[in-house]
Amino acid sequence: MSSVQLKNIVKRFGAFTAVEKTSLTIPDGAFTTLLGPSGCGKTTTLRMIAGLLDPTEGEIVIGGKRVNDVPIHKRNLGLVFQNYALFPHKSVAENVAFGLRYRNVSRADIARRVQDALDLVQLPDVGARYPKALSGGQQQRIALARAIVIEPDVLLLDEPLSALDANLREDMRVELKRIQARIGVTTVFVTHDQSEALAMSDEIVVMSDGRVEQVGAPEDVYNTPASEFVARFLGASNILGGQCVSHGADGAVLEVPVFGQVAVPAAKSPHLTGPGPAKLVIRAEKLLLRAAAPIDGTLTAPAIVEAVDYQGQSVRYFVRAGDETFQAINMIDGRPFAQGAQVHLALRPQDCAALPG
Amino acid sequence: MSVEAREKRQPWILLSPALGAVTLLLLVPLIFIVVYSFWLRSAVGPDIQGFHPDNWQRALTDPFYRYILLNTLKIAAITTFFCAILGYPAAYFITRSSGNKMLLLLLLMLPFWISYIIRTMSWINILGSSGALNTFLLSIGVISSPIQMLYNEATVILGLVHFLLPFMVLNIYVSLDGIDTNLEGAATSLGATRWQAFLQVTLPLSLPGLAAGGLLCFVLGAGTYITPLVLGGPRDAMFANLVFEAIITQLNWPMGSALSLLLLLVLGALVAVYNRFLGMSQLTKGLG
Ligand SMILES: Nc1ncnc2c1ncn2[C@@H]1O[C@H](COP(=O)(O)OP(=O)(O)OP(=O)(O)O)[C@@H](O)[C@H]1O
Ligand SMILES: [Mg+2]
């Protein structure tokens, strides 16, 4: 078990910079997710940790030891690829045993540990089969078994669930988390799926354009985004540009269109430093639609429903208030509002977050 | 007509022009040759028709023919071996090079735009007694008179490797290109060195391409008569030269037919063995 540290890592491909100067500490035993849109440098970062790519600048430290010059086969990492990369000409058991053959493990121990790994991924009977004879989800589990059987210091997973269909993906999410918790290995998980990241991670690293936007626990990243990018990337948010009119120990007061003055608690505005331009972030599910104006304590504004997107247990409304359009995701309570309905928006100020403008 | 019946007929309709061409241009002449091989040449007048096993008997028992046949197979085998060890690294390099693969493949195909005979003859300008190499060695004073480098078995093999190498490279390339590059990454992450990863993963997965390239080089090499004619000495004849000799020089069509069929049968048997163990699909993949 080891922590992973990136110190001022830069990766350039020719003139193109895939990863800008990045420093990051991945704690020992934690499940850390690199989250970001396609092309933001997640895979590149992971491959540098793995040793499949050399960083252009900076240091990589695993378990307190600089590994820049340690070749991949000596790093003792478990790697799971998006397309699984099982050896098609070897049986499942041979695939899983592959890493043990380079580790001075006796024949009997190899057989036992392979079986243990297959048991762990709940596929005890497929050892004699070839990868081609397995379903996508089963191949995924075998790839995981092959990576963990060597008892790696760090487990690196590059979008391991993205090739699976939606239902299986949710099952495997739980399964993967169960196995990780069981063996307690430091895990770096790459995904562009925010719900996957929120559900599985101890810590999320949000990346965009080769830079780290925010690092934090899922609820921190979700509730207190550090940038407009994070606010928009994780879940649906409404962002109102305005002014911070006062800033103090107990929070900030923002003057924004539609809602007027909003008092955001300090915990939700850690990135504000003082009065000046600021942005108010309103989560779509925190913005409620009411038939009548709510009584005090909540901010309110009249609005008109412009579009209704029925989603079963919830509805997503697009409403217009003043010159602004808002997205609101509400649980269904009775009948949803119809298009064109006159409604009142209701919003608790403590549910808002504030960003520097 | 039912849909199934129509669907069943469709491939045959589409195939018929090709099948017609093959029948007319290949099968019919082949039958002629089979028939011819049982005729006899007479010293005067036309060939004697009928069913005479004499040519076959001679082709199968004459130690000279057997010697040439074995020599042909040996030269083809050595050629194939050199094509494999020269072609594999080249194919590997092309597969792993980033970006300009198409250019490299184009360069590989470039020699095909020049006639095979011209390409073979070009060695005379390089290795001949007044060729480039001798001139160079003379000018720097390493030798005082030209050395005889041409017209031996080695130059025949050299010419054949020159001719056949692109086929080998292409076949291996197709095979290597189909291998997921993450497999080597997975192997090294599990503790294998790059060389071990190559031996354990890449090489076995590319064997079908190597085998297909090998078969192609062997069959084309064993069937050639131009290279030994241009680059070989009098003792370096290959089997196809015997056929050429019989038919063109001696005008003994029946004997030539028997000899050419014998070569066809030997190489055909080889292809059959290959097909039994590796399957023909790999070969067509390499050609496509
Ligand atoms: N070998 C390479 N040569 C040149 N550019 C590259 C190379 N590998 C990656 N890039 C570029 O670096 C950027 C980051 O790539 P990376 O694969 O890390 O993205 P990612 O975040 O994993 O995206 P995805 O979610 O689509 O997998 C991309 O713009 C990509 O085009
Ligand atoms: Mg990626």
Side-chain angles (χ1 to χ4, degrees), chain A residues 13-14 43 46-53 67 70-90 94-105 110 114 117 131 139 142-160 163, chain B residues 84 88 91-93 95-104 171-214 274 276-283 285-286:
Chain A
F13 295 107
T43 298
L46 194 81
R47 291 177 84 91
M48 284 193 288
I49 300 174
L52 288 166
L53 280 177
V67 295
V70 178
I72 174 169
H73 67 275
K74 294 206 176 126
R75 288 196 189 183
N76 196 37
L77 306 173
L79 204 50
V80 177
F81 294 88
Q82 181 172 355
N83 62 356
Y84 320 137
L86 295 175
F87 306 127
H89 59 304
K90 292 179 184 288
E94 285 168 340
N95 263 280
V96 178
F98 192 88
L100 295 175
R101 298 194 4 219
Y102 299 99
R103 283 181 166 72
N104 289 326
V105 182
I110 289 183
V114 166
Q139 290 184 27
I142 297 307
L144 186 63
R146 184 179 67 177
I148 58 182
V149 75
I150 59 170
E151 293 172 358
D153 294 331
V154 181
L155 185 60
L156 304 170
L157 308 153
D158 191 359
E159 310 215 18
Chain B
Y88 202 102
Y92 191 88
F93 175 77
T95 317
R96 292 298 147 88
S97 70
S98 50
N100 47 8
K101 270 187 214 178
M102 278 304 129
L103 179 71
L104 292 173
N171 272 282
I172 299 173
Y173 168 78
V174 170
S175 210
L176 282 174
D177 201 45
I179 300 174
D180 176 7
T181 48
N182 280 343
L183 292 182
E184 264 185 32
T188 49
S189 80
L190 289 166
T193 60
R194 302 238 356 227
W195 178 243
Q196 286 167 330
F198 172 76
L199 290 181
Q200 281 287 321
V201 177
T202 311
L203 184 62
L205 288 174
S206 66
L207 277 185
L210 191 63
Y274 170 90
R276 171 77 182 71
F277 289 107
L278 288 149
M280 228 45 198
S281 59
Q282 187 60 37
L283 195 62
K285 209 158 90 185

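Here is the naming used below: chain letters follow the sequence lines, and residue numbers restart at 1 for every chain.
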Practice problem: Answer whether the closest heavy-atom distance between the side chains of Pro71(A) and Thr188(B) falls below 4.5 Å. | Solution: no
Quiz item: Does CZ in Phe93(B) sit with more than 12 non-hydrogen atoms of other residues, nucleotides or ligands closer than 6.0 Å?
Solution: no
Quiz item: Between Leu156(A), Leu77(A), Val80(A), which residue shows the highest count of heavy-atom pairs closer than 4.5 Å to chain B?
Solution: Leu77(A)
Exercise. Report yes or no: does Arg103(A) contribute a side-chain atom to a donor-acceptor pair with the main-chain N or O of Leu190(B) at less than 3.5 Å?
Key: yes
Quiz prompt | Residues, nucleotides or ligands: over 12 heavy atoms within 6.0 Å of Arg194(B) CZ | solution = no
Quiz prompt | Part of Leu100(A) lying under 4.5 Å from any heavy atom of chain B | solution = neither
Quiz item: If you measure from NE2 on His89(A) to CG on Leu183(B), what distance do you get to the nearest 0.5 Å?
Solution: 8.0 Å
Quiz prompt | Minimum heavy-atom distance between Ala186(B) and Ala85(A), given as atom pair plus value | solution = CB-O, 4.0 Å
Quiz item: So, do Gln196(B) and His73(A) sit near enough that their side-chain heavy atoms are less than 4.5 Å apart?
Solution: no
Quiz prompt | Point-to-point distance, once rounded to the nearest 0.5 Å, from CZ of Phe81(A) to OG of Ser189(B) | solution = 6.0 Å
Quiz item: Checking heavy atoms, do the side chain of Glu184(B), its backbone, both or neither come under 4.5 Å from chain A?
Solution: neither
Quiz item: Between Ile150(A) and chain B, which part of the residue has a heavy atom less than 4.5 Å away: side chain, backbone, both or neither?
Solution: side chain
Quiz item: What part of Asn182(B) gets closer than 4.5 Å to chain A, counting heavy atoms only: side chain, backbone, both or neither?
Solution: both
Quiz item: Non-hydrogen atoms of chain B under 4.5 Å away: do they reach the side chain of Arg146(A), the backbone, both or neither?
Solution: both
Quiz item: Going from CG on Leu205(B) to CZ on Phe87(A), what distance comes out if it is rounded to the nearest 0.5 angstrom?
Solution: 9.0 Å
Exercise. Side chain from CB out, backbone as N, CA, C, O: work out which of these in Ala197(B) comes under 4.5 Å of a heavy atom of chain A, or both, or neither.
Key: neither
Quiz item: In this structure, are over 12 heavy atoms from other groups packed under 6.0 Å from Lys101(B) atom NZ?
Solution: yes
Practice problem: Name the option with the most non-hydrogen atom pairs under 4.5 Å to chain B; the candidates are Gly51(A), Ala50(A), Pro88(A). | Solution: Pro88(A)
